[in-house]
Every structure is written in structure tokens, then in C-alpha cells.
Amino acid sequence: MKKIVIAEDEVFMREELHLLLEKAGYETASVLEFKDAAKEIRDLKPDLVLLDINLPGASGYEICRELKKDSTIPVLLLTSRDQLRDELHGLELGADEYLTKPCHGERLIARIENLLRRYEERTMMLDGGGFLMDRQTYTLYVHRRSVVLPENPEKIGGWLYEN
């Protein structure tokens, strides 16, 4: 069962999201304190994060930026902010999807399923904490930069890994 973490400060909205997601067959967890939300989210090891932008203590933008700095967790921003600049800013920070609320439950589930499907296709990705490596293409991603490595680890001193 896929786990979705909800970072939403409005109790009614959070409860509605839990019910909707559990009915759709997902395990859910919530973040209730937002000062160190990125760490708490990573510790919960979710398959996807639903993240509001307007949160007390830290904005959803800050949390998204922190999550995307060193993880591959898909992030769907779900917010009442409906300005194009807000959406573009969220996507620039690494959000994978942006939806304004209120939104139809079926639309939200469809976007979640789409994101999860896209990320499942990335099974060849090795998440090393501070870096990502695509074992299929030998591409190393560090700090939003990438480099293609040679297929033979001996060509780079054998420091990479061996299968």
C-alpha cells in the first residue's frame, strides 16, 4: 500500500483528504507541526506528499525546496493560491504537480495516481541522500546538476558501486 503524507494545517481539509485517500486505498499520515516538516516527512518515508503552501511556521514553498534538495519524493502542492506566479514558483522549486483547492476528489486521485506511476518508472534510481544516480543510464544527479558516468566503475576508480 502506498503511503501519502498530508501537510495541511486546516483540520477539516486534512480530515477530508485522509478519508478520500484511505477510501482510494492509500495509507495516510499527517504532519501537524511545520517548523521542521521536511525532516518529519522524510522520516515518514512517504511515496508522495500533499503539501499546502500557506502553513504556519514554514511555508509549503520552503518545505518543498528542502525536500527536493536531497530526495526524490514526489510533491503535489494542493493550495488555495490560484495565481499563475504561485504555481510557477512552486514548480520551479521542484513540485511535481500543482492543484488549487477546492478541487474535485476524482481529479486529485487521478493526479496522485499519475505521479505515483511516473515515479514507479524511476525504479533504477539510487537515492544516496545527497545525490541520485540512475543505474540504467549511469547519470549522477547532485545539486540539480547531472553528469553521465562511464558504465565501467573501474574507469572512475571503482568508487561507485558494483552490482
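Only heavy atoms go into these numbers, but all of them, side chains included; no hydrogens, no water, no symmetry mates.
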### Whether Glu10 side chain and Phe12 backbone form a donor-acceptor pair below 3.5 Å
no

### Query
Is the side chain of Lys68 donor-acceptor paired with the backbone N or O of Ile73 at a distance under 3.5 Å, no angle test?
yes

### Query
Is the shortest heavy-atom distance from the side chain of Ile63 to the side chain of Val49 under 4.5 Å?
no

### Message
Is it the case that the side chain of Lys3 and the backbone of Lys45 share a donor-acceptor pair, with hydrogens and angles ignored and the cut-off at 3.5 Å?
### Response
no

## Note on the structure
Nearest heavy-atom contact between Gly90 and Cys64 is O-SG, 4.5 Å

### Summary
OG of Ser59 to CG of Asp52, rounded to nearest 0.5 Å, is 10.0 Å

### Query
Are any non-hydrogen side-chain atoms of Ile112 and Leu21 less than 4.5 angstrom apart?
yes

### Task
Check whether any side-chain heavy atom of Asp86 lies under 4.5 Å from a side-chain heavy atom of Tyr61, and answer yes or no.
yes

#### Entry: Short side-chain to backbone donor-acceptor contact, Arg65 and Leu93, under 3.5 Å
no

## Note on the structure
In this structure, OH of Tyr119 is separated from CG of Asn114 (nearest 0.5 Å) by 11.5 Å

### Summary
What one should report as the nearest heavy-atom pair of Arg81 and Tyr98 is O-OH, 2.7 Å

### Query
How far does CZ of Arg111 sit from CG of Leu99, to the nearest 0.5 angstrom?
4.5 Å

Check residues 32-43 and write down every donor-acceptor pair under 3.5 Å in which the side-chain atom is one partner and the other belongs to a residue at least two apart or another chain.
from	atom 1	to	atom 2	distance (Å)
Lys39	NZ	Asp43	OD2	2.8
Arg42	NH1	Asp70	OD1	3.4

### Task
Find out whether Glu87 and Leu91 are in side-chain contact, i.e. whether some heavy atom of one side chain is under 4.5 Å from a heavy atom of the other.
yes

### Summary
Rounded to the nearest 0.5 angstrom, the CG-CG distance for Leu48 and Asp96 is 8.0 Å

#### Entry: Closest contact, heavy atoms only, Ala7 versus Leu51
CB-CD1, 3.6 Å

### Query
Nearest 0.5 Å, what's the NE2-CG distance between His89 and Leu77?
10.0 Å

### Query
What is the minimum heavy-atom distance between Glu8 and Arg14, and which atoms define it?
O-NH1, 2.7 Å

### Task
To the nearest 0.5 Å, tell me how far Arg85 CZ sits from Glu92 CD.
13.0 Å

#### Entry: 4.5 Å side-chain heavy-atom contact, Leu17 and Thr28
no

### Query
Taking side chain as C-beta onward, heavy atoms only, is Ile6 less than 4.5 Å from Leu78?
no

### Message
Looking at every non-hydrogen atom in both residues, tell me the closest pair between Asp47 and Leu116 and how far apart they are.
### Response
O-CD2, 3.6 Å

